[in-house]
Peer 1: 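Starting off with a structure, shown below.
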2 protein chains.
Amino acid sequence: MVQHEVLDRAFAALADPTRRAVLVRLGEGPASLGDLAAPTGMTLTGMGKHVRVLEEAGLVRTTKVGRTRQVRLGTERLDDAMAWIAFYQRLWERRLDGLEAYLTLREGQDT
Amino acid sequence: MVQHEVLDRAFAALADPTRRAVLVRLGEGPASLGDLAAPTGMTLTGMGKHVRVLEEAGLVRTTKVGRTRQVRLGTERLDDAMAWIAFYQRLWERRLDGLEAYLTLREGQDT
DNA sequence: CATGTGCTGAACCACATGGTTCAGCACGAG
DNA sequence: CTCGTGCTGAACCATGTGGTTCAGCACATG
């Protein structure tokens, strides 16, 4: 099941609203760094850092086109992240079915 | 679609291998802080911080039982996190079907 | 009641993150 | 060739993170 570092980077990358916004934006098609920075009011350098984080997490791929850098989606890692959640979630679901029932029962009874 | 802060916390919480391990461990049933700290070789205080992060992210619920703190799963937020990924992933999939085809085509042709 | 154990809070540390400014490189257009 | 634009790198800053130690509170047990 997937290396830890991979998940670390992927989840960390997703933990920032600016970066999630970039991903959403990229869903509409590739964009240059400037395109991505403009709507946020952030500096190019700032956006550059975010994009690098996304790239190192494998959520995005970039290529230099002339003097602009094109950024586009690369969803493989997103699959990894979701796979992790999905796997354990399913595993837990069964547990919780029984557990929740047990707890609701207990909560009714004082201590 | 889910508040940003909620996702921030959930993803950030998942971005640490220690915390993911805690979640996995809790899948086997509730545990005390000490139970969780022991196998990691971490101090109680350290583990306490991790658990607090998980709790603030809504991934875990804790209750004080006597002088020990019982930690157990609370998967609602995990649903949120997965929902976000799943939503956009599906949205992107279509895009990428076309896009990837286009790109593979281009890659074959020199520049 | 006395004591040991489990947790909590405060203070501290090193390092990562999210952002800036400023200087400069490199490419495309005139 | 020259110039403006888009990006990049370095330096810097404030704040957050992941961990520690140490002091102390609170509960269960003898």
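In what follows, chains carry the letters A, B, and so on, assigned in the order in which the sequence lines appear, proteins first and then strands, with residues in each chain numbered from 1. Because the structure is predicted, anything quoted here is derived from the model rather than measured.
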Peer 1: Rounded to whole Å, how long is the line connecting atom CD of Q70(A) with atom P of dG6(D)?
Peer 2: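 Between P of dG6(D) and CD of Q70(A): 13 Å.
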Peer 1: Which parts of nucleotides 10-19 of chain D does protein reach within less than 4.0 Å, heavy atoms only, written one letter per nucleotide 5' to 3' as B for base, S for sugar-phosphate only and - for none?
Peer 2: B-------SB
Peer 1: For G66(A) and for G41(A), find the nucleotide of DNA chain C with the closest heavy atom, then tell me which residue's nucleotide is more 5'.
Peer 2: G41(A)
Peer 1: How many whole angstroms separate atom CZ of R67(B) from atom P of dG6(C)?
Peer 2: 6 Å
Peer 1: Return the value, rounded to whole Å, for the distance between atom CE of M47(A) and atom C1' of dG19(C).
Peer 2: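 About 12 Å, once rounded to whole Å.
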Peer 1: Choosing from dT5(C), dC7(D), dT8(C), which nucleotide comes nearest the side chain of R69(A)?
Peer 2: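 Nearest to the side-chain atoms of R69(A), counting from C-beta on, is dC7(D).
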Peer 1: Which nucleotide wins on minimum distance to the side chain of L44(B), given the candidates dC7(D), dT8(C), dG9(D)?
Peer 2: dT8(C)
Peer 1: Please confirm whether the backbone N or O of A13(B) pairs with a side-chain atom of R19(B), one donor and one acceptor, at under 3.5 Å?
Peer 2: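 Yes, because the side chain of R19(B) sits within donor-acceptor range (under 3.5 Å) of the backbone of A13(B).
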Peer 1: D8(A): which residues meet the salt bridge (charged side-chain N to carboxylate O under 4.0 Å, His left out) condition with it, sequence neighbours left out?
Peer 2: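 Only R20(B) meet the salt bridge (charged side-chain N to carboxylate O under 4.0 Å, His left out) criterion with D8(A).
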Peer 1: Looking at S32(B), I'd like to know whether one of its side-chain N or O atoms comes within less than 4.0 Å of OP1 or OP2 on dC7(C).
Peer 2: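 Yes, because at least one side-chain N or O of S32(B) sits under 4.0 Å from OP1 or OP2 of dC7(C).
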Peer 1: Do L36(B) and L54(B) belong together in a cluster built from hydrophobic side chains that touch within less than 4.5 Å?
Peer 2: yes
Peer 1: Minimum heavy-atom separation for E56(B) to R9(B), with atom names?
Peer 2: O-CD, 3.4 Å
Peer 1: Rounded to whole Å, how long is the line connecting atom CG of L33(B) with atom P of dA26(D)?
Peer 2: 17 Å
Peer 1: Do T62(A) and E55(A) meet the criterion of a side-chain donor-acceptor pair at a distance under 3.5 Å?
Peer 2: yes
Peer 1: Once you round to the nearest 0.5 Å, how far does CE of M47(B) lie from OG of S32(B)?
Peer 2: 10.5 Å
Peer 1: Specify the separation, in whole Å, of atom CZ of R52(A) and atom C1' of dG19(C).
Peer 2: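 For the pair R52(A) CZ and dG19(C) C1', the rounded distance is 14 Å.
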